[in-house]
Amino acid sequence: MTHTEITVLPYTVNADVYARYGADFDPEAVNDEILRIVNAAAPAGVTVERSGKVLAEDHAIEAARAFDWAGVLSRIDLDTILAEHGK
């Protein structure tokens, strides 16, 4: 099965966000949870890797290109995720 790279999705939380909250978090767990949410929302046959690469199986290329990746990211409740992964 062929996988085509569609884009790179910048899903990870940067250090500035953590600094604004002024608390200590498990960044790996936070990013893993965001990645899990993004992959759950992705069209069938599309996967986002830890690197942020969006890969689509042949039958899902158009769906992956048309998918609203920014919309999914904007709907993620970062406050809740951070609350669950504080140290």
Side-chain angles (χ1 to χ4, degrees):
M1 182 176 317
T2 305
H3 288 89
T4 300
E5 183 177 334
I6 304 302
T7 189
V8 176
L9 186 66
Y11 72 91
T12 58
V13 178
N14 66 43
D16 294 344
V17 173
Y18 295 120
R20 278 194 308 241
Y21 281 85
D24 195 16
F25 300 97
D26 181 349
E28 187 173 340
V30 169
N31 290 333
D32 285 348
E33 180 65 12
I34 294 169
L35 184 60
R36 184 195 65 73
I37 293 167
V38 169
N39 274 309
V46 179
T47 304
V48 180
E49 296 182 329
R50 278 180 86 58
S51 66
K53 286 183 182 178
V54 177
L55 301 177
E57 297 173 8
D58 292 338
H59 67 88
I61 291 172
E62 289 308 313
R65 287 184 176 144
F67 193 71
D68 183 9
W69 297 105
V72 169
L73 291 174
S74 71
R75 291 188 298 274
I76 292 175
D77 184 354
L78 186 58
D79 289 337
T80 299
I81 293 172
L82 290 173
E84 292 171 353
H85 297 289
K87 290 185 178 180

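- Within the structure, no pair that satisfies the ring pair (Phe, Tyr, Trp, His ring centres under 6.0 Å) test touches residues 26-56, not counting sequence neighbours.
- Of all the heavy atoms in A64 and A56, the pair that sits closest is CB-CB, 3.9 Å.
- Smallest separation of non-hydrogen atoms from A60 and A44: CB-O, 3.3 Å.
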Table please: side-chain donor-acceptor pairs of residues 5-20 below 3.5 Å, with sequence neighbours left out.
unit_1, atom_1, unit_2, atom_2, d
Y11, OH, R50, O, 2.8
N14, OD1, D16, N, 3.1
N14, OD1, V17, N, 3.3

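- The side-chain hydrogen bond (donor to acceptor under 3.5 Å, both in side chains) search around H59 returns E57, not counting sequence neighbours.
- For R65, the salt bridge (Lys or Arg N to Asp or Glu O under 4.0 Å) test picks out E62, with sequence neighbours left out.
- The shortest distance between side-chain heavy atoms of N31 and E28 does not fall below 4.5 Å.
- With rounding to the nearest 0.5 angstrom, the CD1 atom of I34 is 5.5 Å from the CG atom of L78.
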- Item | Working for side-chain contact (heavy atoms from CB on, under 4.5 Å), residues V46 and V54 | CA-CA 7 Å; V46 179; V54 177; 3.7 Å; yes

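- Between the CG atom in L55 and the CD1 atom in I61 there is a gap of 10.5 Å [rounded to 0.5 Å].
- Take D79 and apply the side-chain hydrogen bond (donor to acceptor under 3.5 Å, both in side chains) test, not counting sequence neighbours, and it matches Y21.
- Not a single salt bridge (Lys or Arg N to Asp or Glu O under 4.0 Å) links E49 to another residue, sequence neighbours left out.
- Residues passing the side-chain hydrogen bond (donor to acceptor under 3.5 Å, both in side chains) test with D58: none are found, sequence neighbours excluded.
- Partner of T80 under the side-chain contact (heavy atoms from CB on, under 4.5 Å) criterion, chosen from L82, I76, D77: D77.
- Counting only residues at least two apart or on different chains, the ring pair (Phe, Tyr, Trp, His ring centres under 6.0 Å) pairs with a member in residues 64-84 are F67-W69.
- Legend: residues meeting side-chain contact (heavy atoms from CB on, under 4.5 Å) with S74, ordered by chain and number and at least two apart, are absent.
- Listed by first and then second residue, the salt bridge (Lys or Arg N to Asp or Glu O under 4.0 Å) pairs involving residues 36-47 are E33-R36 (not counting sequence neighbours).
- Here D26 pairs with nothing under the side-chain hydrogen bond (donor to acceptor under 3.5 Å, both in side chains) rule; sequence neighbours left out.
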